[in-house]
Amino acid sequence: MGKFERVLALPPERIPEHVAIILDGNGRWAERSHRLRAQGHHAGADNVETITYACMDMGIRYLTVYAFSTENWKRSKDEVSYLMLLLKQYLLKYKKTAIAKKIRVRVIGDLSGLSEDLRELVLDVEEATKDLTAFNLTFAINYGGRDELVRAVRGLVHDGVSEEEITENKISGSLDTAELPDPDLLIRTGGELRISNFLLWQCAYSEFYFTDILWPDFGEPDLENAILDYAGRERRFGGRKK
Ligand code: FPP
């Protein structure tokens, strides 16, 4: 069977336009294989690249990954520094591969909480890829859904927006994700059954897919299974419509 044949055989409207993923389980993956947590994160970061290309091959247009939450600062100093280092290394690497593959890279989250060098790198990668349209890859870094809403509301107040002008569209357009469609499918690896402050507003109508597979082990066939599961849920003609 050809690569992704089962997904590619689906009617295009059954393939999600935007997939968001909570990358969980790097630490447990490392423990299970008697490696350091840092090695788990490294394997997890490598897997983002694999899954990005798989999404592109399947006809998905947007992938958003939760790389570092506003709560992740509570981890040990060593782990936080390692994650920051990885983010820098990978953003640098992604700048090259994204340009080669025409991927637009964005970062959502509170950039003001990042170190100056990481923030500059983020702005640089976003600028270098802003006209690319083959795919949209978004990293959530120092991101929290509540924090994003607070920043959006503060922005509206700051701009003097009046009570009558506040609409759902106005709020959506003030979020970090203003340029992205809402996720059709939210995947969480690593066995936990919660949303952990990710894309709270945007996931109002998303389909959720939870799997026990740890993120570094979540491979192409697992993504395929998630997409097929999603495709099976959207039963628009199952007797419910007149
Ligand atoms: C969850 O695993 C993962 C994270 C907190 C960070 C995700 C970060 C990466 C994959 C590396 C950097 C990312 C990119 C995109 C370059 P966990 O540590 O909570 O795992 P555990 O629950 O098993 O301990």
Side-chain angles (χ1 to χ4, degrees), residues 16 18-52 54-55 60 62-84 86-87 90 107-110 113 137-150 175-177 180 182-233:
H18 183 179
V19 173
I21 310 184
I22 300 177
L23 318 168
D24 198 8
N26 296 341
R28 278 163 289 159
W29 180 89
E31 277 157 33
R32 275 188 204 170
S33 47
H34 308 286
R35 287 179 240 215
L36 302 170
R37 286 183 69 80
Q39 290 174 294
H41 291 313
H42 198 285
D46 281 340
N47 200 35
V48 170
E49 194 169 354
T50 306
I51 294 301
T52 300
C55 286
I60 294 160
Y62 294 82
L63 173 66
T64 300
V65 296
Y66 207 1
F68 193 90
S69 76
T70 46
E71 288 74 35
N72 284 154
W73 298 107
K74 294 181 204 144
R75 296 191 173 204
S76 77
K77 224 174 139 190
D78 282 354
E79 188 167 351
V80 169
S81 333
Y82 186 74
L83 282 167
M84 289 298 144
L86 260 189
L87 285 167
Y90 274 81
V107 173
I108 55 170
D110 184 3
L137 174 62
T138 302
F139 295 98
I141 303 178
N142 194 25
Y143 177 88
R146 289 185 173 187
D147 177 70
E148 179 191 36
L149 276 161
V150 169
L175 297 173
D176 299 346
T177 51
L180 310 177
D182 285 344
D184 301 294
L185 173 64
L186 175 83
I187 299 174
R188 181 173 188 145
T189 62
E192 309 290 352
L193 306 177
R194 52 179 175 258
I195 191 166
S196 297
N197 206 9
F198 192 41
L199 302 175
L200 296 179
W201 173 276
Q202 299 86 338
C203 279
Y205 299 103
S206 306
E207 294 292 328
F208 287 17
Y209 182 87
F210 296 100
T211 169
D212 288 339
I213 299 169
L214 305 176
W215 172 249
D217 285 333
F218 185 84
E220 292 174 340
D222 305 309
L223 178 67
E224 231 183 332
N225 287 338
I227 304 303
L228 290 167
D229 190 283
Y230 166 85
R233 288 186 210 181

So do [Y] and [X] actually touch side chain to side chain, heavy atoms under 4.5 Å?
X	Y	result
Tyr82	His42	yes
Asn225	Tyr209	yes
Arg75	Arg37	yes
Glu207	Leu186	no
Asp176	Asp110	no

Margin query: So if I apply the side chain to side chain donor-acceptor pair (under 3.5 Å) rule between His18 and each of Asp182, Thr64, Thr138, which one comes out positive?
Written below: Thr64
Hey, is the main chain of [Y] close enough, under 3.5 Å, to the side chain of [X] for a donor-acceptor pair?
X	Y	answer
Thr177	Leu180	no
Thr211	Ile213	yes
Trp215	Gly44	yes
Gln39	Leu36	yes
Asp147	Gly109	no
Asn47	Phe218	yes
Asp222	Gly219	yes

Taking atom types as modelled, is there a side-chain donor on [X] or [Y] under 3.5 Å from an acceptor on the other?
X	Y	answer
Asn26	His41	yes
Asp46	Tyr90	yes
Thr70	Arg146	no

If I take atom [atom1] from residue [X] and atom [atom2] from residue [Y], how far apart are they, to the nearest 0.5 angstrom?
X	Y	atom1	atom2	answer
Asp184	Cys203	CG	SG	10.0 Å
Arg32	Asp217	CZ	CG	8.0 Å
Tyr230	Ser206	OH	OG	9.0 Å
Leu223	Ile60	CG	CD1	5.5 Å
Thr189	Ile22	OG1	CD1	8.5 Å
Ile141	Ser69	CD1	OG	12.0 Å

Note to self: Checking Leu200 against Glu148 for the side chain to side chain contact (heavy atoms under 4.5 Å, CB included) test, could you report, in this order, the C-alpha distance in whole Å, the side-chain angles of both residues, the deciding distance, and whether it holds?
What the structure shows: CA-CA 9 Å; Leu200 296 179; Glu148 179 191 36; over 6 Å; no
Note to self: Apply side chain to side chain contact (heavy atoms under 4.5 Å, CB included) to residues Ile21 and Tyr66 and explain how you reach the verdict.
What the structure shows: CA-CA 6 Å; Ile21 310 184; Tyr66 207 1; over 6 Å; no
Check: Val19 and Pro16: which non-hydrogen atoms are nearest, and at how many Å?
Finding: CG2-CG, 3.7 Å
Notebook entry, point to check: Parallel, tilted or perpendicular: which fits the ring planes of Phe210 and Phe208, with parallel below 30° and perpendicular above 60°?
Noted result: perpendicular
Notebook entry, point to check: Could you walk me through whether Tyr143 and Asn197 pass the side chain to side chain contact (heavy atoms under 4.5 Å, CB included) check?
Noted result: CA-CA 8 Å; Tyr143 177 88; Asn197 206 9; over 6 Å; no
Next item on the list: Would you please test Asn72 and Val80 for side chain to side chain contact (heavy atoms under 4.5 Å, CB included) and show each step?
Entry: CA-CA 7 Å; Asn72 284 154; Val80 169; 5.9 Å; no
Check: Can you name the ring pair (Phe, Tyr, Trp, His ring centres under 6.0 Å) partners of Trp201, sequence neighbours left out?
Finding: none
